[in-house]
Structure formats: C-alpha cells, structure tokens
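Take a look at the structure set out below.
Note on naming: letters A, B, ... go to the chains in the order of the sequence lines (proteins, then strands), and numbering restarts at 1 for each one. The structure presented is a predicted model; accordingly, all values stated were derived computationally and were not measured.
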Protein chains: 2
Amino acid sequence: MLASVPGGPTFKRLPRAVREQQMLDAAVRVFSRRGFHDASMDEIAEEAGISKPMVYAYLGSKDDLFRACVHREGTRLLESIVAVVADDLPADEQLWRGLRGFFGFVGAHRDGWAVLYRQARSGPSYDLAALRTRIVEVVAGMLKRAVESQGRTARDEDLTASAYALVGAAESIADWLADHPEADPDHSAARLMNFSWLGARQLLRGELWQPSSA
Amino acid sequence: MLASVPGGPTFKRLPRAVREQQMLDAAVRVFSRRGFHDASMDEIAEEAGISKPMVYAYLGSKDDLFRACVHREGTRLLESIVAVVADDLPADEQLWRGLRGFFGFVGAHRDGWAVLYRQARSGPSYDLAALRTRIVEVVAGMLKRAVESQGRTARDEDLTASAYALVGAAESIADWLADHPEADPDHSAARLMNFSWLGARQLLRGELWQPSSA
DNA sequence: CAGCATATCTACCCCTGCGTAAGGTTACTC
DNA sequence: GAGTAACCTTACGCAGGGGTAGATATGCTG
C-alpha cells in the first residue's frame with residue numbers, strides 16, 4: 001500500500017538483522033531524549049521508519065527492547081575499554097588507554113551513554129549494575145597490579161573503594177562531556193588522568209592524608 | 001467509618017503540615033524502591049496510611065509530588081554540606097568537613113539519596129541538575145581558594161573539571177555506601193579524602209602527569 | 001508461475017493508573 | 001449544640017499507551 005503511493009518513499013523489505021539494528025538505533029535515540037517512561041513504542045517505531053508490530057515481532061516488549069539497548073551499548077562501552085588495555089603495560093599507561101577508550105566511546109555514542117548513565121538506573125535493566133561492577137573490577141585489578149609492582153600491598157576494600165571513586169569521577173566528567181559536543185574526549189581523559197593518577201601515585205607510595213583535628 | 005470499626009486502628013485527624021511530611025516520607029520510600037515510573041499513587045497513599053485524594057489535595061499531581069520529594073531531599077543534602085563548611089578554614093579541612101557532611105547525609109537518608117541519585121535523572125525533576133551544579137560550584141570555589149592560597153593560578157575550566165571529578169567520585173562511593181548499611185560514612189569520607197586530596201595537592205604544586213607515548 | 005515463508009501494515013482491544021466528584025466525619029468556635 | 005471549616009473516604013471517569021489479531025504485500029524457490 002504505502003509502497004505504491006505515487007511520490008511516496010518506497011519501503012523496501014529488509015532482512016531481519018538490518019531492521020533490528022535500525023530499531024535499536026532508533027530506540028537508543030528516543031530513550032536517550034525522552035527517558036524510559038516517556039518514550040512510547042509508537043515514537044520508536046516511527047523513528048525507525050517502521051510500524052509498531054514489527055518492533056514487538058523482532059524485539060519483544062518495551063522492557064525487552066530497553067534491555068536490548070542497554071546490553072548493546074554496554075557491550076560496546078566495555079569493548080572500548082578492554083580492547084586497548086593490555087596486561088603487560090605499566091599501570092599508568094593502562095589507565096591512560098582505558099580512559100581514552102572510555103571517553104572516546106562517550107564522545108562517539110552520546111545517545112548510548114545517556115541511556116546507560118541517565119536512564120538505565122531507573123529502567124528495567126538489572127544487569128547494568130553488573131556491567132558497572134565489571135568495570136570497577138577491571139580498574140581495581142589495575143590498581144592492584146600497580147601496587148604490587150611497587151612491592152607494596154593494599155587491602156582489597158581500599159582498592160575497590162579507589163576504583164569506585166575513579167569510575168565515578170570518569171562518569172561525572174563523561175556526563176559533562178556528553179553535553180558539550182565541542183569538547184575533545186582526549187582532553188577530558190587527560191584532565192581526569194591528572195586529577196586521579198597523581199593521587200593514586202601518592203597512595204602507592206604509602207602517603208596518607210590525616211585530619212588535623214581528629 | 002473506618003475509625004469506628006471495633007478493634008481496627010483509629011485514624012486520627014492530623015493537621016496538614018504533619019500529614020504532608022508523612023506523605024513525603026512515604027513517597028520517598030516508595031520512589032526509592034520502585035522508581036518514578038513503577039511507583040503508583042495508590043501505593044504511596046497506602047504507605048502513608050492515608051487515601052489517595054489526600055495526596056492530590058495536599059501535594060498535587062504525581063510530578064508535583066516527585067518534585068517535592070527531590071526538593072526536600074536535595075535541600076537537606078545541600079544543607080548537610082554547606083552547614084559545616086566555613087569559609088575561613090584551610091582547604092583540606094573544608095573538603096574533609098564537606099565530605100563528612102555529604103556521606104553523613106547519605107548514611108542517614110539512604111532512601112532520599114536513592115531518589116536523588118538513581119531516580120531523579122529520569123523523573124520529572126529538571127532542577128536537580130541545578131542542585132548538582134551548585135554543589136560543583138561550591139567545590140570548584142573551594143579548589144580555587146586553595147590554589148590561590150598557594151600563590152598559584154588555574155584556569156576555571158580545569159577547576160570545574162576537577163570539581164566534577166570529585167563530585168562524581170563522591171557520588172559513586174556514596175552509592176556503594178547506600179547498599180552497605182554496615183559501612184561507616186566517616187570511613188568512606190576518609191577513603192575519598194585520601195584518593196582525591198593527595199592528587200589535588202599534587203596539582204596545586206603544579207605537577208602534571210604526562211603520557212609516555214605522546 | 002504456483003507455493004510458501006517472511007516482512008509488513010491497519011485497526012483494534014483493554015488494562016493500568018492518574019486524577020476527580022460527591023459525600024461523610026471530626027473537631028473547633030461562638 | 002448549631003454552624004462551619006478542614007479532614008478524609010469510597011467510587012468512578014477516562015486517556016494513554018502497551019500489546020495483538022488478522023489481512024496484505026513481497027520476493028525467493030522449484
């Protein structure tokens with residue numbers, strides 16, 4: 001019908017895999033700007049240039065769709081980080097590469113980042129916490145090797161806490177970056193590197209801050 | 001009617017101000033565990049031990065109610081920080097007190113924190129970003145005075161970026177704290193103090209990290 | 001070209017949950 | 001103790017949007 005409207009766009013039949021990616025792209029954009037709650041399946045379908053039942057046929061319910069978005073973007077994010085971090089590099093180089101990978105992803109997939117960071121906490125995505133935990137573990141492992149390479153030791157809780165701090169700091173800067181298209185991701189990475197690594201290095205040396213009034 | 005059921009609980013009439021606080025308390029709890037979307041006004045009313053039209057009469061629509069929650073908890077959070085930060089203290093002592101105030105709030109109002117951090121990004125609360133910006137500004141101002149007290153200068157963007165990093169790190173640790181009731185808020189504050197202040201102090205001295213492979 | 005699987009649409013159902021109308025009850029005031 | 005204002009409830013209207021049924025078009029395969 002629509003395909004035969006004179007002058008109208010000809011809707012070509014596309015294989016499932018292609019349509020699914022289009023739908024996910026559209027869903028990420030819509031979820032990103034509306035949030036899970038205010039995004040409607042109709043709008044997502046329209047954004048994808050397809051009708052609503054197709055979305056249900058291919059990707060299931062709204063919750064399923066959202067989870068699929070989070071899963072795809074989360075996997076991409078994790079890949080961006082671990083792909084560039086080689087185990088045999090010195091700790092500061094690992095951190096530097098990891099941060100560049102991370103901020104690079106955010107700069108290149110701002111919508112995806114917005115879904116992961118701003119929406120996924122409240123939406124029906126219970127495995128996002130798992131992804132975040134994995135990233136924290138990666139960072140904690142990095143810190144642990146750094147400590148051991150100095151011939152020192154640290155309690156796991158302290159390493160984990162530092163990793164949480166570092167990840168949180170990165171997320172915060174990333175969120176600022178997502179709202180400033182003109183900013184350079186590498187510049188953000190360098191800023192955070194300066195802020196965090198110098199502190200971590202001091203910790204590696206065993207230095208501690210002490211409250212002056214106990 | 002209900003008040004006269006034999007053996008049933010006697011529902012006492014209470015002044016508006018009291019009921020409003022009860023409703024806000026209940027709403028914060030429900031929003032905290034369900035999220036904005038999945039929280040229903042019926043459940044909030046039930047949690048408050050009151051019927052639904054009372055909520056509408058006193059606090060307006062669901063959006064209004066949520067905003068009221070965010071506003072109350074956000075104000076409490078800000079108060080917890082600024083109340084203990086005196087301008088004439090040295091920078092590290094200001095930061096230490098601010099962090100203690102912050103983590104103290106989170107430890108004492110975990111539900112409120114969950115609403116602010118996990119729900120408010122997606123819910124209809126457009127002034128939460130403003131609150132966060134104010135906190136970032138407070139921290140940035142703190143850093144600026146610290147730099148100047150060293151007879152040095154720094155660009156505003158770098159100070160702001162460091163403030164974002166610090167605030168993000170604090171949020172991340174706080175979120176961990178919210179899920180670990182046994183943890184001591186002051187301990188978290190000390191951990192973050194060690195991680196961040198040592199780095200900031202290095203920055204104050206003009207030290208910078210440099211990538212080994214430019 | 002007949003048959004079939006896949007892709008796609010229009011039109012609809014219906015439930016959830018927001019928000020409200022109308023009326024009953026309690027406590028304060030004169 | 002009558003009047004009144006504030007408190008509080010039950011019961012319902014109603015829209016938005018998630019999800020589906022059934023029909024239709026398209027292109028591949030023998």
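- Heavy atoms of B:Ser51 sit under 4.0 angstrom from at least one base atom.
- Taking the side chain of A:Lys52 as heavy atoms from C-beta on, and the options D:dG19, D:dT10, C:dT10, the nearest nucleotide is D:dG19.
- You'll find the ring centres of B:Trp113 and B:Phe102 inside the 6.0 Å limit.
- We find that CG of A:Leu59 is positioned 15 Å from P of D:dG18, with the value rounded to whole Å.
- At the phosphate of C:dT6, neither OP1 nor OP2 sits under 4.0 Å from any side-chain N or O atom of A:Arg19.
- Rounded to whole angstrom, the span from the CD1 atom of B:Ile44 across to the C1' atom of C:dG17 amounts to 12 Å.
- Straight-line distance from the CD atom of B:Glu43 to the C1' atom of C:dC18: 15 Å, rounded to whole Å.
- The interatomic distance linking B:Lys62 (NZ) with D:dG16 (C1') rounds to 13 Å, in whole Å.
- Checked against C:dC9, C:dA21, D:dC8, the side chain of A:Met54 finds its nearest nucleotide in C:dC9.
- Distance, B:Leu65 CG to C:dG17 C1': 15 Å, rounded to whole Å.
- Comparing C:dC9, C:dC18, D:dT10 by their nearest atom to the side chain of A:Ile50 picks out C:dC9.
- Closest to the B:Ser61 side chain, of the nucleotides C:dG19, D:dG17, C:dT8, is C:dG19.
- Side chain to side chain, A:Asp175 and A:Ser172 fail the donor-acceptor criterion of an N or O pair below 3.5 Å.
- For the pair A:Leu65 and A:Phe31, the minimum side-chain heavy-atom distance is below 4.5 Å.
- One interatomic measurement links the two molecules: CZ of A:Arg34 to P of D:dG16, which rounds to 15 Å at whole-angstrom precision.
- The B:Arg16 side chain lies nearest to D:dC7 when the options are D:dC7, D:dT10, D:dG18.
- Between the CG atom of B:Asp42 and the P atom of D:dT9 there is a distance of 13 Å, rounded to whole Å.
- Residue B:Glu20 contributes atom CD, which lies 14 Å from atom P of D:dA6 at whole-angstrom precision.
- Within 4.0 Å (heavy atoms only), B:Ala39 reaches sugar-phosphate atoms of the nucleic acid but no base atom.
- The listed nucleotides are C:dC9, D:dG18, C:dC18; the one nearest the side chain of A:Met41 is D:dG18.
- Contact annotation: B:Tyr58 reaches the phosphate of D:dC7 (side-chain N/O to OP1 or OP2, under 4.0 Å).
- Looking at the side chain of A:Pro53, the nearest of the listed nucleotides C:dA11, C:dT8, C:dG17 is C:dA11.
- Both tests hold for A:Lys62 against A:Phe36: distance to the six-membered ring centre under 6.0 Å, angle to the ring axis within 45°.
- For the residue pair A:Arg191/B:Thr160, the side-chain donor-acceptor check at 3.5 Å is not satisfied.
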